[in-house]
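This report concerns only the one structure given below.
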There are 2 protein chains.
Amino acid sequence: MPTLNEIEAALEAGDETRLGEICAELHPADAAAAFVALDEAEQERFGHFLDNEALSLIASHLPSPESADLVANLPETDRGEVLGGLPDDIVADIIQESDAAQTEDIVRLLSSEMGEKARRLASYPDDSAAGWMTTAFATLRENMTVREAIAALDAIKENTEVLARIYVVDDYGRILGKVRLRDLTFNKRSVLVRDIMDDERLAIGAMADQEEAVQMMVKYDMLALPVVDDEGVLLGIITHDDALEILEEETTEDLERAAAIGGDRDEEGYLKSPVIAHFRRRAVWVFFLALVAILSGLVIFAYEKLLDDVFILAVYMPMIVATGGNTGAQAATMVIRAMSLGEFTPAAFTRVVWKELRVGLALGALLGLLIAVGSWLVIGNFFVPGGMVDVPDGLSLGKVMLTVGIALTVQVAASTFIGAALPMLARAAKLDPAVVASPAITTVVDVLGLLIYFQLAALILGLGG
Amino acid sequence: MPTLNEIEAALEAGDETRLGEICAELHPADAAAAFVALDEAEQERFGHFLDNEALSLIASHLPSPESADLVANLPETDRGEVLGGLPDDIVADIIQESDAAQTEDIVRLLSSEMGEKARRLASYPDDSAAGWMTTAFATLRENMTVREAIAALDAIKENTEVLARIYVVDDYGRILGKVRLRDLTFNKRSVLVRDIMDDERLAIGAMADQEEAVQMMVKYDMLALPVVDDEGVLLGIITHDDALEILEEETTEDLERAAAIGGDRDEEGYLKSPVIAHFRRRAVWVFFLALVAILSGLVIFAYEKLLDDVFILAVYMPMIVATGGNTGAQAATMVIRAMSLGEFTPAAFTRVVWKELRVGLALGALLGLLIAVGSWLVIGNFFVPGGMVDVPDGLSLGKVMLTVGIALTVQVAASTFIGAALPMLARAAKLDPAVVASPAITTVVDVLGLLIYFQLAALILGLGG
């Protein structure tokens, strides 16, 4: 970022004029990105050069721990002004990062209405629909004329995030319909709101999961999603930019679960999150999966004699295990993703599993054939007997390769089946399918693959386990 | 979906009244979802009951292969009307699904202006910024009064997707700034557009990647992103609902790459995509990774004598390999995700790799200690000597466990390092970091882990390889 270097140089030189110029040109989002990249001392000096309005704009683009820090480090008079310039949902995020004393201080500095609003918003869980809403929405009544409606909106427009969607509510604040600003702008001033409103009443409950909220916004192409309480009273709206943020958060979570990373991502980001925090998020699954992997070792131990007799079996062991893991993870990823895109529910179990079984059989059979025939040709032609081809008397290389080919086919088909079935069963049991995502499935099919391989070898080669 | 059953029942009974009732209540997105779930014969009958306006609404909510089918199966008179009721970007998507003759037919049925627009839109790559834009945006000139502006917008409002952002352009169609509809609605009619416009000129090039477009929209909280040509002329806009779709597509791609699935997801979805299509997307990586996994087998083969002598080493082999794979995949996922969230670039290589090395050492050392001491206690106390503890004369169980503990530490630290470093190097070399995502890293560290383990064992136990 060239801007960052310019800001640092101007800070270094104490060149207030230049800093002013740079900031005037910057979008608040870019100023916030530069701010995050500065060290603490530079951040403090940078803060001194900015007026409170600019600070509010920057704070509303920072990750919440950083905006909480920024606000906490301001002198009290500025703090009140900066907080006053923030939307209520950003203040609520700051309150969630603050301790009880800081929260009291924040609420005290705001107008009592705004303070209470923010405190109430902060009480909703982070990942609920209400946790993402702003109360800066506009409402109208159905018996207003367009003229009255425009006058009413004119009075509150500065405190309203989205005017493109305006909700028409009844005496209790329940949604009756919505109008778009264009419906008001281009209509006769004497028309009644009732006659131009659209009776769509799509809304989501306050405690619904954030993922459900974003799914609704995707499905219905919504610019803003109303959030309502149990009685249907409009509490706030989730706006289109929040929807993008939710989707990014959910993506991070899905990718992390698929890589055995637990907990939630640090809002401050990768670099600012300390080593111990990274350690904690990764250790649990790694330790658990390591213990399960010892089971694979015990299977190998159980077949010690077989391996002793036909050591060439050990050469193909990692390939069979790894391929089962890869195909199981592929199936799990496809099925979990399709379920989270709402393409099917566990009710489609038979159709999905049948499709995966065919894919798995095709993959396994073709791969088994290629590897078995390929190995048979290569080893048979290029290696001296008694060297790599350490096959005891009475056993042919062909029979060993037959074992490898069949084991691969069975293992890939079984892994694909398990990879598809476990996430669907988890979802049917109301669990997050991510708990049985790739790492868990890989570990399970590792153990299974060894059992399949050695047992088939014992059968086909006519040797005991 | 209870609605689906109701629709099927009404179709079965030929109950036109009931079908009309159901459809009147349905949001077009829900009607489209129901339509997708019907079989072909039912879809055709359902189509007969709907008027062309409803068909246009439903078609604009269908995946593009399905809307192309729907349009292609209509009688020619209806086809023209339904196409005419679709936004230009949807028509462009349909053209992309059509062959040359069908495209000619579509262009012929539309007004010549609309037909050419759609054909031009269809010529942009699917995953470019221009591939997502609509030309249904509104522009104004800076010397217009608010009165003139409102009159101009009133004339085109039906063909405009987003009026919340209106662009002010110069003689050549280059962006000078933007106004919001509220700036017009609540201002005096005599004010000039020039005096109320905001001079923000954020825009993206037509051929930029869709991911870059959505990153801009996330960063700057944009409701719509202008798309411009090389001369800066405004060509179209990407709207907030497209941003959500792009983000979902990118998520799917990231999750699939992390599970060794190649190619692009079928727009028709998991269930409609045939087995052969699934097979193709999964086979390439699986076959390639299987071949690499044979390297692991060759490592085992190279240490045959060591394993023969101290077979208990084989018990811990899968655990060491799997743990390396898991920790490598964790590191790769964290680093790839942070890079795609724009948190750092490969320039931060040293900081990132140093952090991962510490995380890896901590994970490896603690896990190594736990497993080694735990195994030593369990095996030493509960197993008879000469049974599981098949340690040759002169070697103690303690030394074997020391090997396991050290190997785990080294393997986890090395895997974490590789998992972080490879994606950063790939990005620095302008490759997609996803090509070195989890599956490739797992396979690489599998081979490495076996080498580390056996070589350490040979050293510590004083045995030849």
Side-chain angles (χ1 to χ4, degrees), chain A residues 29 154 157 163-164 181-182 185-186 218-221 223 240-241 243-244 247 251-252 254-255 258-261 269-271 275 278-279 282-283 286-287 289-290 293-294 296-297 300-301 304 311 314-316 318-319 322-323 326-327 329-330 333 337-338 343-344 355 358-359 362-363 367 439, chain B residues 27 29 154 157 163-164 181-182 185-186 218-221 223 240-241 243-244 247 251-252 254-255 258-261 269-271 275 278-279 282-283 286-287 289-290 293-294 296-297 300-301 304 311 314-316 318-319 322-323 326-327 329-330 333 337-338 343-344 358-359 362-363 367 439:
Chain A
D154 198 9
K157 65 176 192 290
L163 275 186
L181 185 56
R182 61 164 83 179
T185 308
F186 302 115
V218 170
K219 180 168 184 186
Y220 300 112
D221 293 348
L223 186 77
H240 60 95
D241 49 323
L244 286 172
L247 216 48
T251 302
T252 301
D254 288 350
L255 283 165
I261 299 166
Y270 176 93
L271 287 174
V275 169
H278 283 276
F279 176 86
R282 305 193 203 177
V286 165
F287 285 18
L289 294 174
I294 291 183
S296 288
I300 295 180
F301 187 75
E304 176 176 3
F311 195 75
V315 175
Y316 292 89
M319 192 264 299
T323 305
N326 287 335
T327 48
Q330 285 181 331
T333 301
R337 185 66 187 149
E343 291 190 2
F344 53 76
K355 174 166 269 173
R358 282 177 293 164
V359 176
L363 279 174
L367 186 59
Chain B
H27 189 286
D154 198 10
K157 65 177 193 289
L163 275 186
L181 185 56
R182 61 162 86 179
T185 308
F186 301 114
V218 169
K219 180 169 184 185
Y220 300 113
D221 293 348
L223 187 76
H240 60 95
D241 48 324
L244 286 171
L247 217 48
T251 302
T252 300
D254 288 350
L255 283 165
I261 299 166
Y270 176 93
L271 286 174
V275 168
H278 283 275
F279 176 86
R282 305 193 203 177
V286 165
F287 285 15
L289 294 174
I294 290 184
S296 289
I300 296 180
F301 187 74
E304 174 176 5
F311 194 75
V315 175
Y316 291 89
M319 192 263 299
T323 306
N326 287 334
T327 49
Q330 285 181 330
T333 301
R337 185 65 187 149
E343 291 190 3
F344 54 75
R358 283 177 293 164
V359 175
L363 278 175
L367 185 59

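Naming convention: chains lettered A, B, ... in sequence-line order (proteins, then strands); numbering from 1 in each chain. Below, each value reflects all heavy atoms present in this structure, side chains not excepted, and no hydrogens, waters or symmetry copies.
Put simply, of Arg282(B), Met319(B), His278(B), the one with the most heavy-atom pairs under 4.5 Å next to chain A is Arg282(B). Comparing Thr252(A), Thr327(A), Ile294(A) by how many heavy-atom pairs each has under 4.5 Å with chain B, the most go to Thr252(A). Note on Ala260(B), Ala164(B), Ala322(B): by heavy-atom pairs under 4.5 Å with chain A, the leading option is Ala260(B). Taking Asp254(B), Val275(B), Val218(B) one by one and counting their heavy-atom pairs under 4.5 Å with chain A, the maximum is reached by Val275(B). With respect to chain A, the highest number of heavy-atom pairs below 4.5 Å among Asn326(B), Leu255(B), Leu289(B) belongs to Leu255(B).
Between Gln330(B) atom CD and Ile261(A) atom CD1 the span is 5.0 Å, to the nearest 0.5 Å. Interatomic distance, Phe287(A) CZ to Leu363(B) CG, rounded to the nearest 0.5 Å: 6.0 Å.
Contact detail for Lys219(A) and Ala29(B): the closest heavy-atom pair is O-CB, 3.3 Å. Here the closest non-hydrogen pair linking Pro318(B) and Ser296(A) is CB-CB, 3.5 Å. Summarising the geometry of Thr323(A) relative to Ala290(B), their closest heavy-atom pair is OG1-CB, 3.6 Å, with the distance given to 0.1 Å. The shortest non-hydrogen separation linking Asp221(B) to His240(A) is O-CE1, 3.9 Å. A pairwise comparison of heavy atoms in Leu163(B) and Phe186(A) identifies CD1-CE1, 3.7 Å as the closest pair.
Proximity of Leu271(A) to Glu343(B): side-chain heavy atoms (C-beta onward) are nowhere separated by under 4.5 Å. Considering only heavy atoms from C-beta on, Leu247(A) comes within 4.5 Å of Leu244(B) through its side chain.
Using a 30° and 60° split on the angle between ring planes, Phe311(B) and Phe301(A) fall in the tilted class, from 30° to 60°.
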message: With side chain to side chain contact (heavy atoms under 4.5 Å, CB included) as the criterion, how do Leu181(A) and Thr185(B) come out once you've worked through the C-alpha distance, each side chain's angles and the decisive distance to 0.1 Å?
response: CA-CA 8 Å; Leu181(A) 185 56; Thr185(B) 308; 4.1 Å; yes
query: Would Phe279(B) and Arg358(A) satisfy side chain to side chain contact (heavy atoms under 4.5 Å, CB included), going step by step from the backbone distance to the final call?
result: CA-CA 9 Å; Phe279(B) 176 86; Arg358(A) 282 177 293 164; over 6 Å; no
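Residue Tyr270(B) touches chain A through both its backbone and its side chain, counting heavy-atom pairs closer than 4.5 Å. With a 4.5 Å cut-off on non-hydrogen atoms, Thr251(A) touches chain B through its backbone and its side chain both.
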